[in-house]
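Below is one structure, written out as structure tokens; comments come after it.
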Amino acid sequence: MKKTLLLIAAMAMLSACNEKPQNIFLQEWDTPYGTAPFSKITTDQYMPAFKAGLEQQKANIEAIVKNPDAPTFENTILPYENASPILDKVQGVFFNLSESDSTPEMQAIEEEVTPLITDASNEIMMNEDLFARVKAVYENSASLTREQQMVVKKIYEGFLRNGVGLQPEAKKRFAEISTRLATLSQKFGQNLLAENNAFKEKTGITVSEYYDFMGSCEDREKRKEVFLAYSSRGNHGDEHDNNAIVLETLRLRAEMAELLGYPNFAAYQLSNKMAGTPETVDNFLQPIMDASIRSANEQVKEMEKIAGHKIKAWDWSFYAEKLRAQKYALDESQTKPYFHADSVMKGVFTAAEKIYGLHFEEVTGEVEVYQPTVRAYKITDADGSLIGIFYRDYFVRPTKRGGAWMNNFREQETGVRPIIVNVCNFPAPGTDPTEPKPSLLTVDNVQTAFHEFGHALHGFLSQCHYVTVSGTNVARDFVEMFSQFNENFAFVPEILAGYANNWETGAPIPAELVEKIRKSLKFNQGFTTGELCAASILDMKWHELSSAELANFTDAQSVRDFETKVCDEMGLIGEIIPRYRTTYFNHIMGSGYSAGYYGYLWSEVLAVDAWERFKAEGIFNPATAKAFRQTFLEKGGSEEPMTLYKQFRGAEPDPSALMRARGLSD
């Protein structure tokens, strides 16, 4: 359903402030498909729009509380979902752009608005009268649809997890912690962006080019210099040092969890996830770590034969590429010409066309974009109905945070189709008009493109009624299943044939090169899985600490010492470091994956096991694809994850599927 104002008075209030509002966020957008009119948005519009949205939200929440009628889904839950249309609109634009185009002006607005939004959220979450109405609906939800029950359950548990049941003093402290954590998260991200840009200035390469560079640089001293610069980001004792932010964040999270009766933050975070407990996650991760290190140790021996000396951490990628070339006669210089950004995007679309029957039409001239290199597409279903609008923001720039992600400008609900963006940090195309050169991607980049569009498909194909459970609004250790599942299509021969053409000659990728890629995908998994698993364990061990234990951490050296201790205990070898060290681990400090980074591996078990069914029944079997779409992609969070999984697979997932897929099983 389209979001509507619950109070005429709220609109009257806005109109009284300005009978002909010039602020674009306070107007209906007369644009194709309701997309943002980026050319009309100026930075001075954000704060007034945020404040108007917060006032509207407050008035609408008050109306719910003052409703004299007995609480129902229709008079309590629905208006709660729809309480902030202005805020939803401005947040959808601002927080997308603040990550992908984080200028000093945007950072200043973020610093100002973050505590306002957090304080408003705290006020709502601790409103006992509002919670009483939500609780009444929750306790009388038997007659609701299953989706409505899941909406009510999620909202009800959200209140409990945000302190509504605490005593007054504890409530006050919980709110203070929430506000401070939001500020710390925002500051961590800004520091990391500055550090990433400093890394580029110092080394001449971007963070996103790091692994590619380390695999090809012949100069060992240069590799060492780049490795040390990369692995020490946020850890220099200067204005962008993140150690103090990390320790304060961890202490506050532990205190927050303890206020709610949990022994540590990991226990709090896991209590509403598929895994359930930190012990479950620890027991899941360590065997993967052990298998990874066994494989890594064998590879070290092979690489040292090539190198003629002991391998250090800054040598790994370089000699791994030498070993890859020796084993498979394959290096990235052979594959890159066939994987230019536009062709890979075509491949991503081709897979979605073949599997789900979707159609794609570029509409950049019709739909405004927020950066010149961003592309826009209209997606329609096989019957011609609108699926949504997709923005592709692929190329690195100094104002974009590192990594790759999917996000919503607008989420799906009844009558509203989503607007979604994929953001990556691929190398930018050449700018010399006399020698045009496209953005050429590594095999890992290609997998990233398919991965992020897997998230997008989860958002686009959602057919839920309510935003609370639509699209990717699912448990953190479930959401990565669909992105990782979509990676499987990247190198399927029938898909490759439709997109992998040499950018200069147009020649299709040779079959023998495809076979080399396929065989090499399980290569170097001791390192790849090891660094991922190490980061997951590091995340868990930080968040399994209590407030009393964290009181012993006083400075940057204590952070480094803890990292060393955890890495030693997990069995990590000196030639490998965690994929993210603490001071640049944005997933857990700024992106919602705290005590949740394990979710990539957990979800991969689900994804790999689901792929087993596709392989058994035929990758392009329409019935299998339909079952996957209807069971998972359309359902969002409208049912418990394991219930959906067993509906599709007929049983719980096989954990050994991950080891087989990564070539780590005995």
Legend entry - Salt bridge flag under 4.0 Å for residues E55 and K51: no
Legend entry - Exercise: do E258 and S547 side chains pair donor with acceptor under 3.5 Å: yes
Inset, instruction - Decide whether T114 and Q186 meet the rule of one side-chain donor and one side-chain acceptor closer than 3.5 Å. - result: no
Legend entry - Heavy atoms of other groups near D69 CG, more than 12 under 6.0 Å: yes
Inset, instruction - Begin from the C-alpha positions of T624 and E617 and carry the test side chain to side chain donor-acceptor pair (under 3.5 Å) through to its verdict. - result: CA-CA 7 Å; T624 310; E617 298 177 0; 2.6 Å; yes
Inset, instruction - If the plane angle is over 60° it's perpendicular, under 30° parallel, otherwise tilted; pick one for F159 and Y80. - result: tilted
Inset, instruction - For Y391 and N96, test the side chains for any donor-to-acceptor distance below 3.5 angstrom and give the result as yes or no. - result: no
Legend entry - Pairs satisfying salt bridge (charged side-chain N to carboxylate O under 4.0 Å, His left out), at least one member in residues 457-483, at least two apart: none
Inset, instruction - Please determine, by modelled atom types, if Y262 and Q269 share a side-chain donor-acceptor pair under 3.5 angstrom. - result: no
Inset, instruction - State whether a side-chain donor-acceptor pair under 3.5 Å links S483 with H455. - result: yes
Inset, instruction - Run the ring-centre check on Y268 versus F265 and record whether the distance is less than 6.0 Å. - result: yes
Legend entry - Qualifying residue, where the test is salt bridge (charged side-chain N to carboxylate O under 4.0 Å, His left out) with E248 and the options are R253, R180, K187: R180
Inset, instruction - Show your working on side chain to side chain donor-acceptor pair (under 3.5 Å) between Q149 and S141 and close with a plain yes or no. - result: CA-CA 6 Å; Q149 289 174 350; S141 60; 5.0 Å; no
Inset, instruction - Please state whether the rings of H587 and Y593 are parallel, tilted or perpendicular, taking 30° and 60° as the class boundaries. - result: perpendicular
Legend entry - Over-ring placement of K89 relative to W29, 6.0 Å and 45° cut-offs: yes
Legend entry - Residue from R417, K635, Q412 passing side chain to side chain donor-acceptor pair (under 3.5 Å) with S462: Q412
Inset, instruction - Classify the side-chain pair T468/E81 by whether it contains a donor and acceptor separated by less than 3.5 Å. - result: yes
Legend entry - Side-chain touch L259/R173, heavy atoms, less than 4.5 angstrom: yes
